[in-house]
Number of protein chains: 2
Amino acid sequence: MLPYEHFGYIGAMTDSPNEVTPDRLSQADALPPSDQHAQQYAAVRNAHETELLEDYVELIADLLEHQGEARSTDIAARMGVSQATVSKTVTRLKSLGLVSSKPYRSLFLTEKGEAMAAMSNQRHAIVLQFLRALGVSDRIARIDAEGMEHHVSQETLDIMQRFTREQESRSS
Amino acid sequence: MLPYEHFGYIGAMTDSPNEVTPDRLSQADALPPSDQHAQQYAAVRNAHETELLEDYVELIADLLEHQGEARSTDIAARMGVSQATVSKTVTRLKSLGLVSSKPYRSLFLTEKGEAMAAMSNQRHAIVLQFLRALGVSDRIARIDAEGMEHHVSQETLDIMQRFTREQESRSS
DNA sequence: CCTACAAGTTAACCTTGGCTAAAATACTAG
DNA sequence: CTAGTATTTTAGCCAAGGTTAACTTGTAGG
Ligand SMILES: [Mn+2]
Ligand SMILES: [Mn+2]
Ligand SMILES: [Mn+2]
Ligand SMILES: [Mn+2]
C-alpha cells in the first residue's frame with residue numbers, strides 16, 4: 001500500500017561536479033539544538049491541525065463565488081472523498097463556527113469562515129504564482145501549492161511575493 | 001485551542017499598486033476541472049501518509065551518524081512528543097520494514113529504511129538550501145522546510161536545485 | 001399529488017498519531 | 001550483586017479523517 005517498496009534517487013545531484021556542495025551539505029547535516037528541532041516538528045503538527053479546515057473554507061468560498069452555491073456533492077467530487085466524509089467534516093466546521101447551514105441545504109461561510117478563506121486564498125495564490133514564476137509547470141505548481149501553502153511562514157511568503165513581482169516586471 | 005479566533009491579514013498585498021495582479025489573480029481564481037482538482041487533494045493526502053515515517057527515518061539516520069546511536073529518548077526530545085508516542089510509531093516503522101531493533105534496545109535502519117532516509121535527506125537539504133538562497137533566514141527556513149519538503153514534486157526540486165546553484169555561483 | 005432519483009445524514013467501522021499512567025527492562029553506582 | 005534511576009513498552013484513552021451501507025430528506029416530472 002505505501003509507495004516505498006523500492007527507491008530511486010533524486011536527480012543526478014550526487015555525482016554532479018560542483019565545488020560548493022560539501023560545504024553546504026555539512027552545514028545542512030549538523031543537527032540543530034534539540035529544542036529548536038522540536039519546534040520545527042511542532043510547527044508542522046500545528047499546520048496539520050488547520051490545513052484541512054483551510055482547504056474546505058477555501059473551496060466553499062470558491063464554489064460560492066463561481067457556482068453561486070456550495071453543495072456537499074460538489075465538495076465531495078472536488079476533494080475526491082465520499083459524501084459521508086464531507087458531511088462529517090462540515091459538522092466539525094460548523095462546531096468551530098466557520099460554516100453555517102440548515103440540514104440538507106447548501107453551505108455558507110460565517111464571518112470567521114470568510115476571514116479564514118480570504119487568508120488561505122491569498123496565501124495559496126502567492127505560493128502558486130511563485131511556483132509558476134520559478135518556472136514550474138501549471139499542473140505541477142497547482143499540486144505542490146496545495147500542500148506547500150500550509151507550511152509557508154509569513155517571512156517566506158513576503159519573499160515569494162517579491163520574487164514573483166520582480167520576475168514579472170523583468171518579463172514585461 | 002485552534003488559533004483561529006481572530007484573523008489578521010497577510011502583508012499589504014491587496015492595496016499595492018501593481019498592474020499585473022488582476023490578470024494573474026483571475027487566472028488563479030478559476031476553478032480547475034473537477035477531476036484535476038481532486039488529484040491535487042489526493043496528492044496531499046498521499047504525502048501525509050508517509051511524511052511522519054520520512055521524518056522518523058531521517059532523524060534516526062541523523063542520530064546514528066552524529067550520535068552513534070538512535071535512542072527513543074532522543075527521538076522523543078527532538079520530535080517534541082512523548083516516549084510512548086515514539087514507541088508506538090517505531091512499532092509501525094518496524095512493521096513496515098523500515099526500522100529494526102531488539103526490545104529495549106537502540107534503533108537501526110533496514111536497507112529500505114536507509115534508502116528512504118537518503119531520499120528524504122536529499123530532498124530536505126534541497127528545499128532548505130533553496131529557501132536560504134531565496135533569502136529566508138536560517139531559523140524560518142528550517143521550520144518551513146520541515147513541512148514543505150513533503151509536498152515538493154521532482155520537477156520543482158530540480159528547479160529549486162538549479163536556482164540554488166545559480167544563486168551560489170553569482171555570489172562567489 | 002405522488003413517485004423516483006438525487007442529495008445529505010447517520011451508524012459502524014478502521015488507521016493514524018497524540019496523550020497519561022503504570023509496568024517492565026536495562027544500566028550504573030555503591 | 002543489589003538498589004535506584006533511566007529508558008522503553010504497554011494499556012487505555014481521545015480526536016481526526018477516511019471508508020461503506022443504510023436511512024432520511026428534497027425536488028422535479030408525469
Ligand atoms: Mn488551499
Ligand atoms: Mn491546501
Ligand atoms: Mn525531513
Ligand atoms: Mn519533515
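FYI, side chains are in, hydrogens and waters are out, and symmetry mates aren't considered; it's all heavy atoms of this structure.
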Distance in angstrom units between [X] [atom1] and [N] [atom2], rounded:
X: Ile75(B); N: dA6(D); atom1: CD1; atom2: P; answer: 20 Å
X: Glu51(A); N: dG18(D); atom1: CD; atom2: P; answer: 10 Å
X: Asn46(B); N: dT15(C); atom1: CG; atom2: P; answer: 18 Å
X: Asp55(A); N: dG18(D); atom1: CG; atom2: C1'; answer: 15 Å
X: Tyr41(B); N: dG17(D); atom1: OH; atom2: P; answer: 14 Å
X: Arg71(A); N: dC5(C); atom1: CZ; atom2: P; answer: 20 Å
X: Met79(B); N: dG17(C); atom1: CE; atom2: P; answer: 10 Å
X: Tyr56(B); N: dG18(C); atom1: OH; atom2: P; answer: 6 Å

For Ser82(A), answer base if it contacts any base atom (sugar-phosphate contacts may also be present), sugar-phosphate if it contacts only those atoms, and nothing otherwise; contact means non-hydrogen atoms under 4.0 Å.
base
Please write out the pairs of protein N or O atoms and N or O atoms of nucleotides 9-12 of chain D separated by less than 3.5 Å, giving the distance to one decimal.
| unit_1 | atom_1 | unit_2 | atom_2 | d |
| --- | --- | --- | --- | --- |
| dT9(D) | OP2 | Ser87(B) | OG | 3.2 |

Evaluate the side-chain proximity of Leu31(A) to Leu63(B): yes if any heavy-atom separation is below 4.5 Å, no if none is.
yes
Expected rows: protein N/O vs nucleotides 1-3 of chain D N/O, under 3.5 Å:
none

Donor-acceptor contact below 3.5 Å, side chain Thr110(A) vs main chain Leu98(A):
yes
Glu155(B): what forms a side chain to side chain contact (heavy atoms under 4.5 Å, CB included) with it, not counting sequence neighbours?
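By the side chain to side chain contact (heavy atoms under 4.5 Å, CB included) rule, Glu155(B) matches Val136(A), Ser137(A), Ile140(A), Ser153(B), Ile159(B).
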Among all residues two or more places apart in sequence or in another chain, which pass the side chain to side chain contact (heavy atoms under 4.5 Å, CB included) test with Ser87(B)?
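Testing Ser87(B) for side chain to side chain contact (heavy atoms under 4.5 Å, CB included), a comparison that skips the adjacent residues, returns none.
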Those residues that, when tested against Gln39(A), pass side chain to side chain donor-acceptor pair (under 3.5 Å) (two or more places apart):
Arg139(B)
Kindly point out which of dG17(D), dT8(D), dT16(C) is positioned nearest to the side chain of Leu52(A)?
dG17(D)
Quick one: salt bridge (Lys or Arg N to Asp or Glu O under 4.0 Å) partners of Glu69(A), sequence neighbours excluded?
Arg71(A)
Mind jotting down which residue pairs meet the ring pair (Phe, Tyr, Trp, His ring centres under 6.0 Å) criterion with at least one end in residues 112-146 of chain A? Sequence neighbours excluded, please.
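Every pair satisfying ring pair (Phe, Tyr, Trp, His ring centres under 6.0 Å) with a residue in residues 112-146 of chain A: Phe130(A)-Phe163(A).
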Pairs touching residues 138-159 of chain A that satisfy ring pair (Phe, Tyr, Trp, His ring centres under 6.0 Å), sequence neighbours left out
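Counting only pairs at least two positions apart or across chains, the ring pair (Phe, Tyr, Trp, His ring centres under 6.0 Å) contacts touching residues 138-159 of chain A are His48(A)-His151(A), His151(A)-His151(B).
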Please tell me if Arg45(A) has a side-chain N or O lying less than 4.0 Å from either OP1 or OP2 of dG17(C).
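For dG17(C), neither OP1 nor OP2 has a side-chain N or O of Arg45(A) closer than 4.0 Å.
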Under 3.5 Å, side-chain donor or acceptor atoms of residues 73-82 of chain A against the rest of the protein: list the pairs with distances, not counting sequence neighbours.
| unit_1 | atom_1 | unit_2 | atom_2 | d |
| --- | --- | --- | --- | --- |
| Arg78(A) | NE | His37(B) | ND1 | 2.9 |
| Arg78(A) | NH2 | Pro32(B) | O | 2.5 |
| Ser82(A) | OG | Thr85(A) | N | 3.2 |
| Ser82(A) | OG | Thr85(A) | OG1 | 3.1 |

